[in-house]
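Have a look at the structure below before the remarks.
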There are 2 protein chains.
Amino acid sequence: MGKPDLEEVGEQLKKAVSAKEFITLICLCEADYVGRARSFLEKGERLLIIKEDTSFLIHRPSGLEPVNWQPPPNYVGVTVNREHIVLTVKRVRLSEKVIVRIHGVKSIFSGKLEDKGVFQMYLSEKEISEILRRHPELVEEGFRVTSVEAREKTGVVDIVGVDANNRRTIVEIKKDRAGLEAVRQLARYAVGTGPSVRVVLLAPGVTEGAEKMLRRRGMEFRRISMLDLTKILTREKGVENSCIKRFL
Amino acid sequence: MGKPDLEEVGEQLKKAVSAKEFITLICLCEADYVGRARSFLEKGERLLIIKEDTSFLIHRPSGLEPVNWQPPPNYVGVTVNREHIVLTVKRVRLSEKVIVRIHGVKSIFSGKLEDKGVFQMYLSEKEISEILRRHPELVEEGFRVTSVEAREKTGVVDIVGVDANNRRTIVEIKKDRAGLEAVRQLARYAVGTGPSVRVVLLAPGVTEGAEKMLRRRGMEFRRISMLDLTKILTREKGVENSCIKRFL
DNA sequence: GATTGTATCTCGCAA
DNA sequence: TTGCGAGGTACAATC
């Protein structure tokens, strides 16, 4: 695999950009960003990605996050001169742009990618509230759901229902251990409801400070097991889903 | 550029992974994720990235964000059989993994990338408070800074100072238009300070709801111009910085 | 290790 | 378009 010539690469880039192809470029470059903030990235070897929807990313050799990026839609411009290729990526809606000067190219790919595969995530907060709607006893014995994702004045409450004593009960779900922010959010929902309404935080765990705050405000915490929920999901929806089939 | 053979690619992958090289792979694949949640991604053409620190990303042809990822450090495993390559990326610290089955490869790159370039960002909240420390009159005529990034009981306050009347003043900076969350944060800082302390939110703008909440709680809003701050930065630090030089 | 606050957060949803 | 909350948020600083 020979090192691609800069001018050739420039031509390929121009064509690929106008054809809205998926492009990856491993190259020596420097980059400026101006927009909500300003940044400058000195010369070095990185991976550039231009996606079919003009999403743009610059990745360094290490670190999960891109060092520069632009969400779509963007105007993408390519200009070539003797010394380098200049790539300009400017957001359509915002005054925000990244300018890359490319000094040398190690590898380039461009082409249309075929990806119609469905991406399915399980056990998001939405999924959980769905399960709990069908199995209200997991919230509490005698609990009945009256509405899911109810739009209250103060925000969207995951579950609203009544308990065994017909007391109105607001249920907030957290997938992760609940922290202070979760309690604050719940407290906002509970504003003005008075002591006749129960407020319950449902999560796999709760931080120490969050539990204290809950108690202080007369709210309740109840633990739920994500594994139990997943097992229910598996039992009810079957195991045709390869993810669950493979890992449970 | 011929379509690489699966077995050859598998061998290259194994070598590159053990040599901790930077790897990009454009391939037909499907992926499972199990960890904090669960997900399954059906077959399709995507870009896989394995970085030198084992950061792992799967990018679809469109959309800024990766569809699957794993922050470093990871164990990366490669196994090859007749039908496909199986890539296993498991986080070292968490019980969380992504498994990719690769059915065909359109393009592969692997190699060490040389990137010592410095990345410098300007006008983060930190930068702004630095400027304001040197130019307290931008906060308010007669304002004097007593401390920057002061650690209070309730959190880190951007700037603490006294106004022309020697009244203690807490200043919170937001780079973007300030919303409700900013006001809530500020309110937490102000808890228990009483009316003798002024609380000021400094931002390029404020949302309607946030302004109402500010007024209700007796706090103040003051507009700052990011452009003015940048001009000061340029005047004081000179224009040796290419980012500023090029765009101001 | 757990918690907290920030982010050029991104993204989706609703008013 | 703007506001607002969710995220497998990631990440750094701090306790």
Side-chain angles (χ1 to χ4, degrees), chain A residues 31-39 41 55-58 63-72 89 91 93-98 119 121-127 149 151 154-158 172-182 184-185 188-189 205-210 226, chain B residues 32-39 55-58 63-72 91 93-98 119 121-127 149 151 154-158 172-186 188-189 205-212 226 243:
Chain A
D32 290 306
Y33 157 74
V34 184
R36 283 164 288 182
R38 283 146 195 273
S39 73
L41 176 64
S55 295
F56 178 67
L57 301 147
I58 304 179
L64 181 70
E65 294 288 310
V67 61
N68 282 116
W69 68 91
Q70 291 280 56
V89 183
R91 287 181 77 171
R93 298 178 210 292
L94 279 78
S95 157
E96 193 168 37
K97 66 179 166 185
V98 174
F119 175 72
M121 171 154 305
Y122 307 92
L123 291 190
S124 61
E125 279 173 12
K126 223 171 193 170
E127 288 270 341
E149 293 223 290
R151 175 153 283 277
T154 45
V156 176
V157 176
D158 290 327
E172 171 71 14
I173 298 163
K174 286 287 159 217
K175 286 194 320 302
D176 306 311
R177 198 137 92 100
L180 285 176
E181 197 47 48
R184 280 189 208 112
Q185 187 189 340
R188 291 203 296 280
Y189 294 162
V206 64
T207 63
E208 203 176 345
M226 287 300 138
Chain B
D32 289 305
Y33 156 74
V34 184
R36 282 167 289 182
R38 283 146 196 270
S39 72
S55 294
F56 178 68
L57 301 147
I58 305 179
L64 181 70
E65 294 289 308
V67 61
N68 281 116
W69 68 92
Q70 290 281 56
R91 287 182 77 171
R93 297 179 211 292
L94 278 77
S95 158
E96 193 169 37
K97 67 178 164 184
V98 174
F119 175 73
M121 171 155 305
Y122 309 93
L123 288 189
S124 60
E125 279 173 11
K126 224 170 192 167
E127 289 270 343
E149 293 224 286
R151 175 153 282 277
T154 44
V156 176
V157 176
D158 290 326
E172 171 71 14
I173 298 163
K174 287 287 159 217
K175 289 193 319 302
D176 306 311
R177 200 136 92 100
L180 284 175
E181 198 47 47
V183 180
R184 280 189 208 113
Q185 186 189 340
L186 198 47
R188 290 203 296 280
Y189 295 161
V206 64
T207 63
E208 204 176 342
E211 181 159 44
K212 270 187 199 155
M226 289 298 139
C243 172

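These figures come from a predicted structure and were not determined experimentally. Just the heavy atoms: all of them, side chains too, but no hydrogens, waters or symmetry mates, feed the values below. Every chain is numbered from 1 and lettered A, B, ... according to where its sequence line falls, protein lines coming before strand lines.
When the C1' atom of D:dG3 is taken as reference, atom NZ of B:Lys212 falls 13 Å away, rounded to whole Å. B:Gln70 places its CD atom 18 Å from the P atom of D:dG7, with the value rounded to the nearest Å. For the pair A:Met121 CE and D:dT9 C1', the computed distance is 11 Å after rounding to whole Å. Taking atom CZ on A:Arg91 and atom P on C:dT10, their separation rounds to 6 Å, with Å as the unit. The distance between atom CZ of A:Arg93 and atom P of C:dG12, rounded to the nearest whole Å, is 13 Å. Atom CG in A:Leu64 sits roughly 18 Å away from atom P in C:dC9 (whole-Å rounding).
D:dA10 and D:dA6 are spaced 14 Å apart, taking the C1' atom of each and rounding to whole Å. Comparing C:dA7 with D:dG7, their C1' atoms are spaced 13 Å from each other, to the whole Å. Going from the C1' atom of C:dT6 to that of C:dT10 covers 14 Å, rounded to whole Å.
Note that CH2 of B:Trp69 is 9.5 Å distant from CG of B:Leu57, once rounded to the nearest 0.5 Å. Atom OH of A:Tyr33 and atom CG of A:Leu41 lie 14.0 Å apart (nearest 0.5 Å). For the atom pair CG of B:Leu180 and NZ of B:Lys212, the computed distance is 10.5 Å after rounding to the nearest 0.5 Å.
Nucleotides of DNA chain C nearest to A:Val98 and B:Gly63 differ in position, and the one nearer the 5' end is that of A:Val98. Toward the 5′ end of DNA chain D lies the nearest nucleotide of B:Thr207, the other residue of the pair B:Thr207 and A:Phe119 mapping further downstream.
Considering only the side chain of A:Ser39, C:dT8 comes nearest among D:dG8, C:dT8, C:dT6. Taking every side-chain heavy atom of B:Lys174 into account, C:dT6 is the closest of C:dT6, D:dA6, C:dT8. Comparing C:dC11, D:dA10, D:dG8 by their closest approach to the side chain of A:Glu65 singles out D:dA10. Listed nucleotides: D:dA10, C:dT8, C:dC11. Nearest to the side chain of A:Asn68: C:dT8.
Within 4.0 Å (heavy atoms only), B:Arg184 reaches sugar-phosphate atoms of the nucleic acid but no base atom. Residue A:Val67 is classed as a base contact, given a heavy-atom separation below 4.0 Å to a base. Among the atoms of the strands shown, base atoms are found under 4.0 Å from some heavy atom of A:Glu96. Residue-level contact check: A:Leu94 touches neither bases nor backbone, having no heavy atom under 4.0 Å from any strand.
With hydrogens and angles left out, the side chain of B:Glu208 and the base of D:dG3 share no donor-acceptor pair within 3.5 Å.
Of all the heavy atoms in A:Met121 and B:Ala37, the pair that sits closest is SD-CB, 4.2 Å. When all heavy atoms are compared, the tightest approach of A:Ser55 to B:Leu64 is OG-N, 3.3 Å.
In this structure, B:Trp69 reaches the D:dA10 phosphate: one of its side-chain N or O atoms is under 4.0 Å from OP1 or OP2.
Between the side chain of A:Gln70 and the backbone N or O of A:Val89, at least one donor-acceptor pair lies under 3.5 Å.
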